[in-house]
Trainee: 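Got a structure here, written out as structure tokens. Questions coming.
Residue numbers start from 1 in every chain, and the chains themselves are labelled A, B, ... in the order their sequence lines are given, proteins ahead of strands. If you're wondering where the values come from, they're calculated on a predicted model, not measured in any experiment.
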Number of protein chains: 2
Amino acid sequence: MKKYAALLKRTKLFSGVGENDILSMLHCLNAQVREYNKGEYAFRQGEYIRSLMILAVGRLHIQKEDYWGNLNILNEIRPGEMFGEAYIVPNSGTLMNDVVAIEESVVLFFDIDRILTVCPSACPFHTQLIKNIFYTISDKNKSLVQKISYMSQRSTREKLLSYLSDEAKRHNSNSFSIPFNRQQLADFLSVDRSAMSNELSKLRNEGMLDFHKNEFTLREL
Amino acid sequence: MKKYAALLKRTKLFSGVGENDILSMLHCLNAQVREYNKGEYAFRQGEYIRSLMILAVGRLHIQKEDYWGNLNILNEIRPGEMFGEAYIVPNSGTLMNDVVAIEESVVLFFDIDRILTVCPSACPFHTQLIKNIFYTISDKNKSLVQKISYMSQRSTREKLLSYLSDEAKRHNSNSFSIPFNRQQLADFLSVDRSAMSNELSKLRNEGMLDFHKNEFTLREL
DNA sequence: AAAGGTCTGTTGTATTTACAACGAAAGCAG
DNA sequence: CTGCTTTCGTTGTAAATACAACAGACCTTT
């Protein structure tokens, strides 16, 4: 467990907590370690989750199989990332997705009740930890809401415009660069790449925007 | 403020806390009340938020105007609902949306730092409050992830199948009823109602499912 | 410089969706 | 019961998208 302290220090969950304090907290939080072979399921649809997890080593896929057996990959978890934070609410039903190790992986488990209940010994960093979790899922919440606002647009054009519009606001400038290449942007917006490229060209021809690679500039009309 | 205690008792934020305890906590949390006229903006895009809000009376719209001036309503807030929980993270940038009162409205403000930092007098319900917030945004997170998983499907058919498939899992049965009428389901999945009705009919003709009003039954193939 | 790979824009066609319009069924009010 | 409103399914047409295929630009490697 000790060997993961350096990794944990860099996670959102333990942000602002020193390595020594992390080690003392691991006991307080009843931290557990589990290893998974490539292809092994960490969780299956229908299970209850009572912990918060951090992936220490390897790679996980959050995926889902529908009633007729079609597989769908929802998310990829990389080392340092927290997951399961949305499934620890009591009485909220069971896990809707599968979690599969696509490489040999190591996962750290933290007892959720020990995190949320301030312990009797009142570790000085417990409050910090609660804030960190809160901030992390708030942040994720925000990203999800934004993403839904793009995806709920009906056409590829409107999806592009709403996303680029938000990025311009976020950068306080009508010129900005985005963190995606074309295929990634298309995946993010859930549209076809070639159709999106096509639409970008149309928007450029109509004078609404300009772009070179990942650099975009929005134009007044 | 006292007159809102009954309302607050029924909110997710104060779930499990008695009215008397709520009143004593309101001071501890530095609760503030603000009223808005119909049409008045509670918040504008670009502002920083340092509180958690609960709508006590009226109705609010979370909406967004893009770079070219197009308006888009993202969400409607009704009495008892909490909002702003995704925007209180420090250094996470500013509000991306506008919040507008579409009726005369009353909003309660709770200082976010006082919520997350356990107070010196250690009110017995402070831990409960933190859990409640955590559960609420976790829950919201979960709903958002599920919704994205439906919306990221490319066709109306796939959106329907992934949603209905999840509902069947959630009910542990291939027969279940959904909480939407057709138009609401179409809005939820961000598709055209008539196209969706059409697709439902096709699925029924193909023997994949049956439905009467809001009652659905999935069939093995 | 040449070869191989990836990324991007473009085009054509088949498929799917949006939109408008309408009639039948169901629910509600007087 | 009658008339009014809402909901739902259906259809036809215009518009948008998915998909496949390809060429040029840009990288990296040798």
Trainee: Output the rounded distance in Å from CZ (Phe211(B)) to P (dC8(D)).
Mentor: 10 Å

Trainee: At under 4.0 Å between heavy atoms, which parts of nucleotides 17-22 of chain D does protein reach? Answer with one letter per nucleotide, 5' to 3': B base, S sugar-phosphate only, - none.
Mentor: SSBB--

Trainee: By nearest nucleotide on DNA chain C, pick out whichever of Lys213(B) and Asn198(A) is the more 5' one.
Mentor: Asn198(A)

Trainee: Output yes when Glu85(A) and Lys12(A) qualify as a salt bridge under the 4.0 Å nitrogen-oxygen rule, no when they do not.
Mentor: no

Trainee: Using whole Å, report how far CD of Glu215(B) lies from C1' of dA26(C).
Mentor: 16 Å

Trainee: Expected output is a numbered-order residue list: members of residues 176-186 of chain A with a heavy atom under 4.0 Å from any atom of DNA chain D. What is it?
Mentor: none

Trainee: Got a salt bridge between Glu199(A) and Lys159(A), using NZ or NE/NH1/NH2 to carboxylate O under 4.0 Å?
Mentor: no

Trainee: How would you label the contact of Ser201(B) with the nucleic acid (heavy atoms, under 4.0 Å): base, sugar-phosphate, or nothing?
Mentor: sugar-phosphate

Trainee: Return the value, rounded to whole Å, for the distance between atom CG of Leu161(B) and atom P of dT16(C).
Mentor: 13 Å

Trainee: What is the distance from CG of Leu160(B) to C1' of dT16(C), rounded to the nearest Å?
Mentor: 14 Å

Trainee: Please confirm whether the backbone N or O of Leu203(B) pairs with a side-chain atom of Glu206(B), one donor and one acceptor, at under 3.5 Å?
Mentor: no

Trainee: I'd like to know whether Phe14(B) forms a ring pair (Phe, Tyr, Trp, His ring centres under 6.0 Å) with Tyr4(B), so could you lay out the CA-CA distance, the side-chain angles of the two residues, the decisive distance to 0.1 Å, and finally the verdict.
Mentor: CA-CA 12 Å; Phe14(B) 289 99; Tyr4(B) 300 120; over 10 Å; no

Trainee: Return yes if some donor-acceptor pair links the side-chain N/O of Ser175(A) with the main-chain N/O of Thr217(A) below 3.5 Å, else return no.
Mentor: no

Trainee: Out of dG9(C), dT10(D), dA26(C), which nucleotide sits closest to the side chain of Ser197(B)?
Mentor: dT10(D)

Trainee: Name the one of Phe176(B), Phe216(B), Tyr150(B) that satisfies ring-ring contact (aromatic ring centres under 6.0 Å, His included) with Tyr163(B)?
Mentor: Tyr150(B)

Trainee: Please report, rounded to the nearest Å, how far the C1' atom of dT16(C) is from the CD atom of Gln153(B).
Mentor: 15 Å

Trainee: Report the relative orientation of the aromatic rings in Phe83(A) and Phe43(A); use parallel for angles under 30°, tilted for 30 to 60°, perpendicular for over 60°.
Mentor: perpendicular

Trainee: With distance as the sole test, does Asn174(B) use its side chain to make a donor-acceptor pair with the main-chain N or O of Leu218(B) at under 3.5 Å?
Mentor: yes

Trainee: Tell me whether Thr11(A) contacts the main-chain N or O of Leu7(A) through its side chain, where contact means a donor paired with an acceptor under 3.5 Å.
Mentor: no

